[in-house]
Number of protein chains: 2
Amino acid sequence: MARTGRPRGFDRDEAVTQAMHLFWEHGFEGVSLEQLRRSMGDISSASFYAAFGSKEALYRTALNSYLATHGTVMSALRDQRLTPRQRIEQALRRSAEMQTDPTHPTGCMVALSSIIGSEGGASVQALTSAEREANRKAILACVDAAIADGTLRRETNPAGLATLFEGLLVGLSIQARDGVPTKDLDAGVTQALNAWDANILRS
Amino acid sequence: MARTGRPRGFDRDEAVTQAMHLFWEHGFEGVSLEQLRRSMGDISSASFYAAFGSKEALYRTALNSYLATHGTVMSALRDQRLTPRQRIEQALRRSAEMQTDPTHPTGCMVALSSIIGSEGGASVQALTSAEREANRKAILACVDAAIADGTLRRETNPAGLATLFEGLLVGLSIQARDGVPTKDLDAGVTQALNAWDANILRS
DNA sequence: TGACTTCTGGATCAGATAATCCAGAATTAG
DNA sequence: CTAATTCTGGATTATCTGATCCAGAAGTCA
């Protein structure tokens, strides 16, 4: 059943997408309310707050929208149909490609949009740091699984391998922003996998 | 010969160090003039502008101060007394240690303090992106040198190895911010070097 | 029709922002 | 001493910040 009352004069989903692009490009604190409202078709301040509540609430919504769309390149990391090595490889290669797609801002919104900020920005920064921690744990789980199933040697340093892959993962964002082309990022992933293979148990 | 006129009421070098720490921690746009002046002993606005010219000019000065102090961990990258592999290893291990030193903000100021920002912040962002590009080129030069001297195979993809090492380098900053301990970062460097060794020419 | 609900236009808010101005204080040079 | 130079305290600027308020418009429901 349709809601009662005057209908909204703009498309809320489209507006969230616009906000996502702005936050992705400039970061949470780098985007102003005026910019956001303008990107939504010059809607009024009242319309903005009626629809989204606050700038921070919109950022949460936009971040969730990112995770549900472009962010899904990371889902390979939990795909149990793949081997642990394939999970990491897919997550990295898909990230490298997505992050250099010219149809949207470069890099990853989780890695870039709120790493740093002013003194009172802890609650916003916590949103993305929680995502990064989840990724770090998922990568570590891949390494642990490969040690458990005998693919990697028991002497393998799991935290070291996880640091390497997650470090490269977030590093891709900065490199993408700096204009490093897709093929170089992908070649970096290929080289990183050599580190995995160096820990393979040989019989 | 001492300068004429009324002497400055505060220590300019100390003030620059304070500014460096603030910009390092919160980024260029995340620090306000009031915060800066307060950290310098509540100096007046007039004193601030007489001494530094503008917020952006102070940021340039603070960034140079960073490069001349903590930033010197990267000098190993150009140390011709070391082998190409040692240059990369030293730069990475020293960065990992410096970036987690609890006596100052975590991560690297070049990687964090102005990757993103509002629409008009291009000139500030260019300062750190130029530094990162220089590092990327220096890493690539190490790889090229090792191929030229026969250490690495001719088929080695130089851009791929450079992406891996520079990706990890800047990735360390985000991981350090996220609280990853020094020993894990260092173990990540150890693993990354396996990728180098996988490209060694065996006779 | 009329009651009810929801959204909008436009003015407005208090506080923060980077930056400037000026009179006077503190120093050196001659 | 006087003149020249440089810095400081304090007020002040214009602009931007995120957010709120209210009257009225535009719908649904009975």
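In what follows, every chain begins at residue 1, and chains take the letters A, B, ... in the order their sequences are listed.
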Check: Do A:Gln86 and A:Asp79 have side-chain atoms, one donor and one acceptor, less than 3.5 Å apart?
Finding: no
Next item on the list: Send over the distance from A:Gln35 CD to D:dT17 C1', rounded to a whole Å.
Entry: 12 Å
Next item on the list: May I have the distance from A:Lys55 (atom NZ) to C:dG15 (atom P), rounded to whole angstrom?
Entry: 19 Å
Note to self: For a quick test of reading the model: is some side-chain N or O of A:Tyr49 closer than 4.0 Å to OP1 or OP2 of D:dT20?
What the structure shows: no
Notebook entry, point to check: Within the structure shown, what part of the strands sits under 4.0 Å from A:Ser44 by heavy-atom distance: base, sugar-phosphate, or nothing?
Noted result: base
Checklist line | Residue mapping more 5' on DNA chain D - nearest nucleotide basis, A:Ala46 or A:Val31 | finding: A:Val31
Next item on the list: Give A:Phe52 one of three labels, base, sugar-phosphate or nothing, depending on what nucleic acid heavy atoms sit under 4.0 Å from its own.
Entry: nothing
Note to self: Checking side-chain polar atoms at under 3.5 Å, does B:Thr163 have a donor or acceptor matched by the opposite partner on A:Gln175?
What the structure shows: no
Check: Can you tell me if the side-chain N/O atoms of B:Thr4 get under 4.0 Å from OP1 or OP2 in C:dT28?
Finding: no
Checklist line | Nearest-angstrom distance from the residue atom CG of B:Leu33 to P of C:dA18 | finding: 4 Å
Checklist line | Between D:dG9 (C1') and B:Arg8 (CZ): distance, integer Å | finding: 16 Å
Checklist line | Rounded distance (Å) that lies between atom C1' of C:dG10 and atom CZ of A:Phe48 | finding: 17 Å
Next item on the list: Using only heavy-atom distances, determine whether the side chains of B:Thr72 and B:Arg94 contain a donor-acceptor pair under 3.5 Å.
Entry: no
Checklist line | Qualifying residue for side-chain contact (heavy atoms from CB on, under 4.5 Å) with A:Thr100, from A:Leu185, A:Thr106, A:Leu172 | finding: A:Leu185
